[in-house]
Amino acid sequence: MWCSVSERVAVGVLASGSGTNLQALLDACEAPDFPARIAVVLSNRPKAFALERARRAGIPTEVVLRRDHPSRADWDAAAVSRLRAYGVQWVCLAGFMKIVTPTFLEGFPDHVLNIHPSLLPAFRGLHAQAQALAAGVRVAGCTVHLVDAGTDTGPIIIQGAVPVLQGDDEDALKARILSAEHRIFPLALRWAAEGRLSIVDGQLVVDLPPTEARWIWKG
Ligand code: GAR
């Protein structure tokens, strides 16, 4: 199936760092049948390489500096209004190293996705890969979840698992997890844009065809 630009769901990506997850989303959007398009990339860090990736892809960028806003909620309100100006329907937090407040979530209720480098609910917060190594787990991974008011607590959409190998240091494990992130984030965004995610009786329901559901298990 082919998706015209006007049919595609407009997505805003928030990123603070190098933006390899943003790149995975941009690459996914190249597919003619991908149901979403990146309408804008917004950062709190003017030098984030993610912004450069967006420019190279011809995507508009916005920078919202924390120091220009008296409170976190004010920053969030400004970010919501910038994203709305681009008609954004879904938001992806792709290495966005700032906690969003309820003000932001009220702007896009149940429409904010986050990628986190652990198999949640294990290892929430910062340095998830170092936490995994310190705990001695043999399987690590990543999670895309809907964002709620907690930190890395929202309903889980998809996870990718990778082994922890003997001799791994933080960088080696980060890189292995990152490659799994690049596979699952575009998939979660596809499902979101296809309308497969809904909240029923307070629970997230991911409505997948059986073949796609089996694919997750096979990895
Ligand atoms: C990724 O590993 C992402 O999961 C993590 O930051 C990295 C960003 O990489 N996010 C968090 O830790 C958020 N709690 P990227 O800039 O190359 O996409």
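First listed ligand is number 1; within each ligand, the first listed atom is number 1. Along the sequence shown, residues are numbered consecutively beginning with 1.
- The minimum heavy-atom distance linking V13 with A94 is given by the pair CG1-CB, 3.8 Å.
- Residues V80 and G107 approach most closely at CG1-CA, 4.0 Å, considering heavy atoms.
- Of all protein heavy atoms, the one lying nearest to atom 2 (O) of ligand 1 is E181 OE2, 2.9 Å.
- Atom 8 (C) of ligand 1 has its closest protein heavy atom at G95 CA, 3.6 Å.
- Looking at D152 next to ligand 1, no N or O pair under 3.5 Å apart turns up.
- When non-hydrogen atoms are compared, ligand 1 lies under 4.0 Å from neither the backbone nor the side chain of L22.
- R53 has no carboxylate O lying under 4.0 Å from a charged side-chain N of D27, or vice versa, which leaves the two without a salt bridge.
- Each of the following atoms of ligand 1 lies closer than 4.0 Å to a heavy atom of L178: 1 (C), 2 (O).
- In terms of polar-atom proximity, M97 is not counted as a contact of ligand 1, lacking any N or O under 3.5 Å from an N or O of the ligand.
- The protein atom (non-hydrogen) at minimum distance from atom 10 (N) of ligand 1 is I115 O, 3.8 Å.
- In this structure a side-chain-to-backbone donor-acceptor pair under 3.5 Å is present from R176 to P163.
- Annotation: atom 16 (O) of ligand 1 to nearest protein heavy atom, G19 N, 2.8 Å.
- Closest heavy-atom approach to atom 14 (N) of ligand 1 among the candidates K174, Q23, H116, R53: H116.
- Not a single heavy atom of A15 sits under 4.0 Å from any atom of ligand 1.
- In terms of protein heavy-atom proximity, atom 5 (C) of ligand 1 is nearest to P117 CD, 3.9 Å.
- For ligand 1, the polar-atom distance check against T20 finds a nitrogen or oxygen pair separated by under 3.5 Å.
- Closest non-hydrogen pair, M97 versus L126, comes out as CE-CD2, 4.0 Å.
- Using a 4.0 Å cut-off between a side-chain N of Lys or Arg and a carboxylate O of Asp or Glu, D74 and R66 do not qualify as a salt bridge.
- The two atoms that bring A188 and I157 nearest to each other are CB-CG2, 4.1 Å, heavy atoms only.
- Residues I115 and G95 come closest through the heavy atom pair CG2-N, 4.4 Å.
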